[in-house]
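What follows is a single structure, written as structure tokens, with notes after it.
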Amino acid sequence: MIEITKEYADELKKIIETKNKEKAVAILKDLHPADVAELYKELTLKEAIYLYLLMDGDKAADVLMELEDDERRKLLNELPNKVIAQRFVNEMDTDDAVELMRDMDEERQEEILSHIDDVEQAGDIIDLLRYDEDTAGGLMGTEMIVVNENWSMPQCIEEMRKQAEEENMDEIYNVYVIDDDERLRGVLPLQKLITSPSISKIKHIMQKDPVSVQDKAEMEEVVELISKYDLVSLPVVDSIGRLLGHITVDDVMDEVKELHERDYQLASGISQDVETSDNVLVQTAARLPWLLFGMIGGLSNSMILGGFESGFAANPKMALFIPLIGGTGGNVGVQSSAIVVQGLANNSLKQSHIFRQVLKETAVALINAAIISFIVFIYNYFTLGNQYITMSVSISLFAVVMFASTFGTLVPMILDKFKINPAIATGPFISITNDIIGMLIYMATTTLLMR
């Protein structure tokens with residue numbers, strides 16, 4: 001592994017500037033595609049294109065898929081469609097080619113496909129582009145080894161060699177077994193090829209009824225199946241069980257990473273996927289909606305507090321506990337929602353268990369609320385000197401913790417029920433709502449006690 005330092009990048013820049021192709025090729029040969037992608041960040045677009053055109057097709061394609069989406073997009077916008085087809089798409093598996101082309105407009109996709117040498121590969125790409133990118137069909141690749149259940153072992157081995165050579169496959173995860181109607185029947189373990197050389201037909205030694213997923217299934221189901229059954233690849237079938245392709249674990253890991261990044265940004269109050277390299281307008285558009293929502297929440301709080309102006313005038317110490325009430329409610333709500341969102345994400349929490357989860361969170365909230373409100377009561381009793389405010393703060397804290405916990409549990413489950421990303425519930429939405437409700441509870445409780 002070579003560490004990509006600024007000095008290393010500067011040296012390569014000098015080589016590019018002097019057009020020393022031999023030396024540049026020698027450097028690229030020793031670098032892993034991920035290291036070349038990291039080096040890309042230190043180069044100008046013109047320098048990066050110069051290097052890409054020096055690399056062989058396989059490595060250039062691998063490097064391209066290692067780049068961040070926005071970096072890849074900038075590079076592709078500067079390259080002719082024929083170069084993209086012949087130097088990249090021709091050397092890629094279908095799932096990578098689809099990922100590369102998905103963000104392009106239809107006209108450019110058609111022009112790139114017209115320059116692909118392999119007509120069958122072009123047809124597969126067209127079929128895969130029709131799927132939504134967040135479904136099993138949109139993620140699967142079509143390069144795989146497929147044998148018929150009625151083949152003999154020698155015929156199977158010969159066909160496997162032929163397919164591996166035609167598909168130019170570097171790795172073989174599984175050998176899939178189909179019937180005469182191309183329906184998935186089983187998986188053939190490679191060890192069986194060695195230990196059962198004289199078997200008459202493949203169907204006698206295959207593992208029957210393998211785990212599979214339908215092409216229209218959502219990404220969450222794919223991730224759950226691969227995780228639950230510890231699979232390295234997952235076959236994809238259509239509605240009548242015909243084998244269409246397969247999804248490998250490395251493709252799933254990339255998607256899981258993107259989903260986690262998206263959820264983290266959503267929970268942080270960023271309404272769309274952004275990168276640090278995005279321009280000011282893009283980042284502003286992503287952040288502004290939740291900031292405006294927070295502003296409305298703050299103004300609402302101001303109106304609530306303004307309605308109790310006389311109470312603050314009579315008891316100024318009431319204002320001391322506003323941050324405590326609001327902050328505690330927000331924290332409790334985020335904690336509860338985060339646990340629920342995590343359970344929904346890893347499928348350990350089902351919609352049918354909503355009542356049980358609410359009961360559990362209520363029990364936890366009761367304990368937490370009792371401890372917090374008791375500690376605050378003891379502190380205020382000896383330091384504040386006002387029994388009404390002392391009681392009001394403790395009662396309000398208890399009520400706020402109970403509400404925030406229940407609200408933080410229900411909201412993500414309701415959002416998930418209506419197919420809305422529940423990660424929204426772990427961010428500003430929960431905090432601001434609990435803050436407003438907390439102020440109403442505190443003001444109402446104090447007013448009642450004062451009377």
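FYI, side chains are in, hydrogens and waters are out, and symmetry mates aren't considered; it's all heavy atoms of this structure. On a predicted model such as this, the values are computed, not experimentally measured, just so you know.
- Not one N or O on the side chain of Asp181 forms a donor-acceptor pair closer than 3.5 Å with the backbone of Arg183.
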For residues 408-418, please give each side-chain donor-acceptor pair under 3.5 Å, one per line with the distance, not counting sequence neighbours.
| residue | atom | partner | partner atom | Å |
| --- | --- | --- | --- | --- |
| Thr409 | OG1 | Ser405 | O | 2.8 |
| Asp416 | OD2 | Gln351 | NE2 | 3.1 |

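- Side chains of Asp238 and Gln214 form no contact here, defined as non-hydrogen atoms less than 4.5 Å apart.
- Of the possible donor and acceptor atoms, none in the side chain of Asp95 sits under 3.5 Å from a partner among the backbone N and O of Gly141.
- When each of Val146, Val187, Leu188 is paired with Val175, the side chain to side chain contact (heavy atoms under 4.5 Å, CB included) condition holds for Leu188 and for no other.
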- Could you go through the side chain to side chain donor-acceptor pair (under 3.5 Å) check for Tyr176 and Ser233 one step at a time? CA-CA 11 Å; Tyr176 299 108; Ser233 68; 2.8 Å; yes

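- To the nearest 0.5 Å, atom CD of residue Gln86 and atom CD1 of residue Ile112 are 11.5 Å apart.
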- What's the verdict on side chain to side chain contact (heavy atoms under 4.5 Å, CB included) for Leu243 and Val236, showing C-alpha distance, side-chain angles and the deciding distance? CA-CA 6 Å; Leu243 181 64; Val236 181; over 6 Å; no

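- Thr94 pairs in a side chain to side chain donor-acceptor pair (under 3.5 Å) with only one of the listed residues (Asp127, Asp124, Thr142), which is Thr142.
- By the side-chain hydrogen bond (donor to acceptor under 3.5 Å, both in side chains) test, Asp132 pairs with no residue at all, sequence neighbours left out.
- Within a 6.0 Å radius of NZ in Lys13, other residues, nucleotides and ligands contribute more than 12 heavy atoms.
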- Dump the intermediate steps for side chain to side chain contact (heavy atoms under 4.5 Å, CB included) on Val213 and Val237, then the final yes or no. CA-CA 6 Å; Val213 68; Val237 298; over 6 Å; no

- With side chain to side chain donor-acceptor pair (under 3.5 Å) as the test, would you mind laying out the steps for His246 and Tyr173 before giving the verdict? CA-CA 10 Å; His246 71 152; Tyr173 294 95; over 6 Å; no

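- Side-chain contact annotation: Ser227 with Glu224, donor-acceptor N/O pair under 3.5 Å absent.
- Heavy-atom contacts from other residues, nucleotides or ligands closer than 6.0 Å to CD of Glu166 number more than 12.
- Met104 contributes atom CE, which lies 12.0 Å from atom CZ of Arg102 (distance to the nearest 0.5 angstrom).
- Surrounding CZ of Arg87 are more than 12 heavy atoms belonging to other residues, nucleotides or ligands, all under 6.0 Å away.
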- Can you check side chain to side chain donor-acceptor pair (under 3.5 Å) on Asp180 and Asn148, steps first, answer last? CA-CA 7 Å; Asp180 294 333; Asn148 189 286; 3.0 Å; yes

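- Side-chain contact check for Glu159 and Gln155: no donor-acceptor pair (N or O, by modelled atom type) lies under 3.5 Å.
- Side-chain contact check for Thr248 and Asp250: at least one donor-acceptor pair (N or O, by modelled atom type) lies under 3.5 Å.
- Listed by chain and residue number, Trp290 satisfy the ring-ring contact (aromatic ring centres under 6.0 Å, His included) test with Phe293 (two or more places apart in sequence, or in another chain).
- Judged purely by distance below 3.5 Å, without hydrogens or angles, the side chains of Asp118 and Asn90 never pair a donor atom with an acceptor atom.
- In this structure, the separation between NZ on Lys203 and CG on Asn150 is 4.5 Å, given to the nearest 0.5 Å.
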Listing, residues 77-84 side-chain donor-acceptor contacts under 3.5 Å, not counting sequence neighbours, or none:
| residue | atom | partner | partner atom | Å |
| --- | --- | --- | --- | --- |
| Asn77 | ND2 | Arg73 | O | 3.2 |
| Asn81 | OD1 | Arg108 | NE | 2.6 |
| Asn81 | OD1 | Arg108 | NH2 | 3.4 |
| Asn81 | ND2 | Glu111 | OE1 | 3.0 |
| Asn81 | ND2 | Glu111 | OE2 | 3.4 |

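- Between the side chain of Glu133 and the backbone N or O of Val98, no donor-acceptor pair lies under 3.5 Å.
- At a cut-off of 3.5 Å, with distance as the only test, a side-chain donor of Asn301 or Asp435 sits close to an acceptor on the other residue.
- We find the CD1-SG distance between Ile145 and Cys156 to be 9.5 Å, quoted to the nearest 0.5 Å.
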- Go through the steps for Leu64 and Tyr40 under the test side chain to side chain contact (heavy atoms under 4.5 Å, CB included), then give the verdict. CA-CA 10 Å; Leu64 193 66; Tyr40 173 93; over 6 Å; no

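- A 4.5 Å side-chain heavy-atom check between Val36 and Glu66 finds every atom pair outside the cut-off.
- Between the Lys59 side chain and the Leu28 main chain, a donor and an acceptor come within less than 3.5 Å of each other.
- Taking the side chain to side chain contact (heavy atoms under 4.5 Å, CB included) definition, one finds that Glu42 meets it with Ala9, sequence neighbours left out.
- At least one donor-acceptor pair under 3.5 Å links the side chain of Asp56 to the backbone N or O of Asp58.
- Although no hydrogens or angles enter the test, the distance criterion places a donor-acceptor pair under 3.5 Å between the side chain of Thr18 and the main chain of Ile15.
- Between the Glu47 side chain and the Thr44 main chain, a donor and an acceptor come within less than 3.5 Å of each other.
- Under the ring-ring contact (aromatic ring centres under 6.0 Å, His included) criterion, Phe403 pairs with Phe407, sequence neighbours left out.
- Rounded to the nearest 0.5 Å, atoms CG (Leu324) and CD1 (Ile372) are 8.5 Å apart.
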- Tell me, with the steps shown, if Met101 and Leu113 meet side chain to side chain contact (heavy atoms under 4.5 Å, CB included). CA-CA 10 Å; Met101 298 173 60; Leu113 289 169; 3.8 Å; yes

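- Using a 4.5 Å heavy-atom threshold, the side chains of Leu231 and Val211 count as touching.
- Separation of atoms CG (Leu12) and CG (Leu31) is listed at 8.0 Å; rounding is to 0.5 Å.
- At distances below 3.5 Å, not a single donor-acceptor pair connects side-chain atoms of Thr433 with backbone N or O atoms of Ile430.
- The pair Asp69-Arg72 meets the salt-bridge criterion, since a charged nitrogen lies less than 4.0 angstrom from a carboxylate oxygen.
- Between Glu149 and Lys201, no side-chain nitrogen of the basic residue sits less than 4.0 Å from a carboxylate oxygen of the acidic one, so the salt-bridge criterion is not met.
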